[in-house]
Amino acid sequence: MSHFAKTFFSDTDKFYNAATDELSPLFEEKLASVSDARRARIERARNNVTKAELLCAELLRDYALSTVFGIKNPEITLNEYEKPYLAGETDKFFNISHSGRIVVCTVSDVECGVDVENATRPHDLMGIAGRFFSTMEQNAILMSQNPTEAFCRLWTIRESYVKMRGTGFSMGLKALRCDFHRGKASMIENNVPQTDAFFDEFKHIYGYRACICTKEPVEHEVKKIELA
């Protein structure tokens, strides 16, 4: 049986003006269209950047679930680690990530996780890598022609795996190690190769690294959409 994953991505440009730090009239219009609970969560965000990201994540998720599964006004529930699921569904899954001005949502018929990271933004590369990455991975970052992108690649693989598992960071990122065979990523957890985690990295978004992780092999499609 073949499985699928579809990833949609968009940006916050029409919702937030970085030059003025102002939310646009379109933001206010779209905010009024979401539920009271969602609106309250967005309005509690600490700054306008985050408000725009959260609203776009809501809109993108609704678009993806409606387009792929025909589900409108989805009922969302959380597991004990706060991973969101579609209430009552056992073969319809989704996951969201956002970084900077980019928001992504993956939907699939198997458990999935997605992560996107800005590969041009400064990171405390070796400080973070020293806490969570293996010595081999740290050396790979140091020897890379683009250390920031190399770091983001390893981070998105890890993060997508953790989000697919749905256990949050309870497993501990230090227990994870990325391995590669002919450029294809796989995961080792506590020195045990994970045979039910499959990765698809994609670079459709300029300046960003992104990766999905699914519990089964999937045919993966990536598409940009406009949320206006």
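These numbers come from the heavy atoms of this one structure, side chains and all, not from hydrogens, waters or symmetry mates.
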Taking the side chain as everything from C-beta on, heavy atoms only, tell me whether Leu86 gets closer than 4.5 Å to Phe93. no
Please examine the side chains of Pro147 and Leu142, heavy atoms only from C-beta on, and report whether any two atoms are closer than 4.5 Å. no
Is there a donor-acceptor pair closer than 3.5 Å between any side-chain N or O of Ser160 and the backbone N or O of Thr156? yes
Under the ring pair (Phe, Tyr, Trp, His ring centres under 6.0 Å) test, residues paired with Phe133 that sit two or more places apart: Phe151
Any chance you could pull the hydrophobic cluster mates of Met143, using side-chain heavy atoms under 4.5 angstrom and chaining through other members? none
List in chain and number order the residues that pass salt bridge (Lys or Arg N to Asp or Glu O under 4.0 Å) with Asp200, two or more places apart in sequence or in another chain; answer none if no residue qualifies. none
So, using side-chain hydrogen bond (donor to acceptor under 3.5 Å, both in side chains) as the criterion, who are the partners of Gln194 when residues are at least two apart? Tyr161, Arg165
For residues 45-55, the side-chain hydrogen bond (donor to acceptor under 3.5 Å, both in side chains) pairs (sequence neighbours left out) are Asn47-Thr50, Glu53-His98
CE of Met187 to OG1 of Thr195, rounded to nearest 0.5 Å, is 13.5 Å
For the side chain of Asp109 and the backbone of Phe4, is there at least one donor-acceptor N/O pair under 3.5 Å apart? yes
Only counting residues at least two apart or in another chain, list the ones meeting ring pair (Phe, Tyr, Trp, His ring centres under 6.0 Å) with Phe199. none
Go through the structure and list residues passing salt bridge (Lys or Arg N to Asp or Glu O under 4.0 Å) with Glu111, not counting sequence neighbours. Lys83
Do the side chains of Ile188 and Leu176 get nearer than 4.5 Å, heavy atoms only? no
If you round to the nearest 0.5 Å, how far is CD1 of Ile102 from OG1 of Thr12? 7.5 Å
Would the distance check show the side chain of Arg39 and the main-chain N or O of Leu31 forming a donor-acceptor pair, the cut-off being under 3.5 Å? yes
Ile96 CD1 to Asp115 CG distance, which is reported to the nearest 0.5 Å: 13.0 Å
How far apart are the C-alpha atoms of Glu219 and His3, what are their side-chain angles, what is the distance that settles it, and do they pass the side chain to side chain contact (heavy atoms under 4.5 Å, CB included) test? CA-CA 6 Å; Glu219 294 183 11; His3 297 281; over 6 Å; no
For His204 and Lys224, what are the C-alpha separation, side-chain angles and deciding distance, and is it a side chain to side chain contact (heavy atoms under 4.5 Å, CB included)? CA-CA 9 Å; His204 294 64; Lys224 181 179 181 179; over 6 Å; no
Hydrophobic cluster membership, with links at side-chain heavy-atom distances under 4.5 Å among I/L/V/M/F/W/Y: are Phe94 and Leu55 in one? yes
Are Ser24 and Tyr16 side-chain neighbours, meaning at least one heavy-atom pair lies under 4.5 Å? no
Closest heavy-atom pair, Arg158 versus Ser134, reported as atoms and distance to 0.1 Å, is NH2-N, 4.2 Å
Heavy-atom closest pair (Asn118 atom, Ser99 atom, distance to 0.1 Å) is N-OG, 3.1 Å
Pairwise distance CD(Glu43) to CG(Leu54) - rounded to 0.5 angstrom: 11.5 Å
Side chains of Ser108 and Thr214, donor plus acceptor under 3.5 Å: no
Pair listing, ring pair (Phe, Tyr, Trp, His ring centres under 6.0 Å) test, anchored in residues 209-228, at least two apart: Phe202-His220
Judged by atom type as modelled, is there a donor-acceptor pair below 3.5 Å linking the side chain of Ser97 to the main-chain atoms of Val116? yes
Answer whether the closest heavy-atom distance between the side chains of Leu125 and Thr148 falls below 4.5 Å. yes
Suppose the criterion is ring pair (Phe, Tyr, Trp, His ring centres under 6.0 Å): which pairs have a residue in residues 25-51, not counting sequence neighbours? none
Closest heavy-atom pair and its distance - Cys56, Asp11: SG-O, 4.0 Å
Within this structure, what is the OH-CG distance for the pair Tyr85 and Asn79, rounded to the nearest 0.5 Å? 5.0 Å
Taking Lys72's backbone N and O only, do any of them form a donor-acceptor pair with Ser66's side chain (distance below 3.5 Å, no angle check)? no
Work out which heavy atom in Cys152 is nearest to a heavy atom in Glu117; give both atom names and the distance. SG-CB, 4.1 Å
Residues clustered with Leu78, ILVMFWY side-chain links under 4.5 angstrom: none
So, do Ile76 and Pro84 sit near enough that their side-chain heavy atoms are less than 4.5 Å apart? yes
Side-chain heavy atoms under 4.5 angstrom apart, residues restricted to Ile, Leu, Val, Met, Phe, Trp, Tyr: same cluster for Phe8 and Val222? no
Counting distance only, does the side-chain N/O of Glu58 pair as donor-acceptor with the main-chain N or O of Val34 below 3.5 Å? no
According to a hydrophobic-cluster definition based on side-chain heavy atoms being under 4.5 Å apart (Ile, Leu, Val, Met, Phe, Trp, Tyr only), do Val114 and Phe9 belong together? yes
Quick one: do Glu149 and Lys203 make a salt bridge, cutoff under 4.0 Å? yes
Checking the side chain of Ser144 only, and the main-chain atoms of Ala140 only, is there a donor and an acceptor separated by less than 3.5 Å? no
Say whether Ile128 and Tyr208 are linked into one hydrophobic cluster, either directly or through other cluster members, by side-chain heavy-atom distances under 4.5 angstrom. no
Quick check: is Val103 connected to Leu26 through a chain of hydrophobic side chains (ILVMFWY, heavy atoms under 4.5 Å apart)? yes
Counting only heavy atoms not in Asn191 (residues, nucleotides, ligands), do more than 12 fall under 6.0 Å from its CG? no
More than 12 non-hydrogen atoms from neighbouring residues, nucleotides or ligands closer than 6.0 Å to CZ on Arg61, yes or no? yes
Would you indicate whether Arg38, at its atom CZ, is surrounded by more than 12 heavy atoms from other residues, nucleotides or ligands within a distance under 6.0 Å? yes
Arg153 meets the salt bridge (Lys or Arg N to Asp or Glu O under 4.0 Å) criterion, sequence neighbours left out, with Glu201
Check whether any side-chain heavy atom of Leu227 sits under 4.5 Å from a side-chain heavy atom of Ile225, and report yes or no. yes
Does Lys92 have any salt bridge (Lys or Arg N to Asp or Glu O under 4.0 Å) partners at least two apart in sequence or in another chain, and if so, which? Glu89
Ser33 side-chain N/O to Lys30 backbone N/O, donor-acceptor pair under 3.5 Å: yes
Measure the spacing between CD of Glu226 and CG of Asp13 and express it to the nearest 0.5 Å. 9.0 Å
Decide yes or no for Lys223 and Lys6: does some side-chain heavy atom of the first lie under 4.5 Å from some side-chain heavy atom of the second? no
